[in-house]
**Q** 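Would you mind keeping the following structure in view while I ask a few things?
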Amino acid sequence: MPSPWYAHKIPPPVIDAACAALMWQLARSVPAGQLWPPGGGAWVWAAALALAAAGGALALAGVWAFARSRTTVNPLAPQRARALVTGGVYRYTRNPMYLGMLLALAGWAVWLGNAAALLALPLFVAVLNTLQIRPEEAALRARFGADYARYAQRVRRWV
């Protein structure tokens with residue numbers, strides 16, 4: 001079955017950046033949602049940096065696993081995958097790069113200190129699931145068949 005027309009058109013980092021911009025706009029537009037000043041206090045910085053660093057490390061671990069397996073990291077061309085990566089961080093999540101982006105966005109939300117910014121996090125998950133992950137999964141199912149089906153049954157999409 002061919003990919004839907006909307007599949008793999010927008011690079012996930014662009015979706016991530018758009019979500020970060022939306023979060024900033026929501027934080028500015030809904031002053032009643034302000035929980036603490038943006039970047040206010042050492043604990044805010046520490047929590048925001050910890051989430052962003054964890055997200056970055058998780059995403060890099062995913063990239064590293066792909067590089068070790070000598071398969072494409074290009075999210076716009078999953079059909080070019082030469083190997084089904086199931087080891088390393090991929091034993092715990094099928095999408096560590098996207099989960100890393102989500103953690104970085106959560107760090108941004110903490111730094112912004114506005115409850116309205118949190119609304120963009122489930123939106124990010126929904127958009128990525130629709131535009132990227134489900135079409136990626138279909139391509140991997142077509143490419144790797146039963147091996148991918150067993151992997152998907154064993155390891156969750158996000159966590």
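The first residue in the sequence is number 1, and the count goes up from there.
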**Q** Side-chain contact, heavy-atom cut-off 4.5 Å: Met97 with Pro12?
**A** no
**Q** Test your reading of the model: is there a side-chain donor-acceptor pair from Arg68 to the backbone of Ala65, 3.5 Å cut-off?
**A** no
**Q** I'd like to know if the side chain of Arg94 and the backbone of Val155 have a donor-acceptor N/O pair within less than 3.5 Å.
**A**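 Judged by distance alone, yes, a pair lies under 3.5 Å.
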**Q** State, without any angle test, whether Asn129 and Trp158 hold a side-chain donor-acceptor pair at a distance under 3.5 Å.
**A**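 The criterion, which ignores hydrogens and geometry beyond distance, is satisfied for Trp158 and Asn129.
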**Q** Could you check Ile10 against Gln132 for side-chain contact (heavy atoms from CB on, under 4.5 Å), going step by step and ending with a plain yes or no?
**A** CA-CA 8 Å; Ile10 305 170; Gln132 190 64 36; over 6 Å; no
**Q** Tell me which one of Leu58, Leu121, Asp16 satisfies side-chain contact (heavy atoms from CB on, under 4.5 Å) with Leu102.
**A**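 Of the listed residues Leu58, Leu121, Asp16, the side-chain contact (heavy atoms from CB on, under 4.5 Å) partner of Leu102 is Leu121.
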**Q** Decide yes or no for Glu136 and Asn95: does some side-chain heavy atom of the first lie under 4.5 Å from some side-chain heavy atom of the second?
**A**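 Yes. Closest side-chain heavy atoms under 4.5 Å.
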**Q** Keeping Thr72 on the side-chain end and Asn74 on the backbone end, is there a donor-acceptor pair under 3.5 Å?
**A** yes
**Q** Is any side-chain heavy atom of Leu105 closer than 4.5 Å to one of Met23?
**A** yes
**Q** Are the side chain of Gln79 and the backbone N or O of Arg143 linked by a donor-acceptor pair below 3.5 Å?
**A** no
**Q** Taking Arg141 for its side chain and Tyr148 for its backbone only, find out whether a donor-acceptor pair lies under 3.5 Å.
**A**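 No.
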**Q** Rounded at 0.5 Å granularity, tell me how far SG in Cys19 sits from CE in Met101.
**A**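 Result: 11.0 Å between the selected atoms.
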**Q** Just so I know, are the side chains of Tyr92 and Val159 near enough to count as touching, which here means a heavy-atom distance under 4.5 Å?
**A** no
**Q** Whether the side chain of Trp108 engages the backbone of Ala21 through a donor-acceptor N/O pair (distance < 3.5 Å, no angle test) should be reported.
**A**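 Not at all, since once roles are kept as given, no pair shorter than 3.5 Å links the two residues.
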**Q** Take atom CH2 of Trp36 as the centre, draw a 6.0 Å sphere, and report whether it contains more than 12 heavy atoms from other residues, nucleotides or ligands.
**A** yes
**Q** For Gln34 and Gly113, indicate whether the former's side chain and the latter's backbone hold a donor-acceptor pair under 3.5 Å.
**A**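 Flag set: sc Gln34 to bb Gly113 pair under 3.5 Å.
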**Q** Mind checking whether Leu26 and Leu22 have side chains closer than 4.5 Å, heavy atoms only?
**A**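 Side-chain contact under 4.5 Å: yes.
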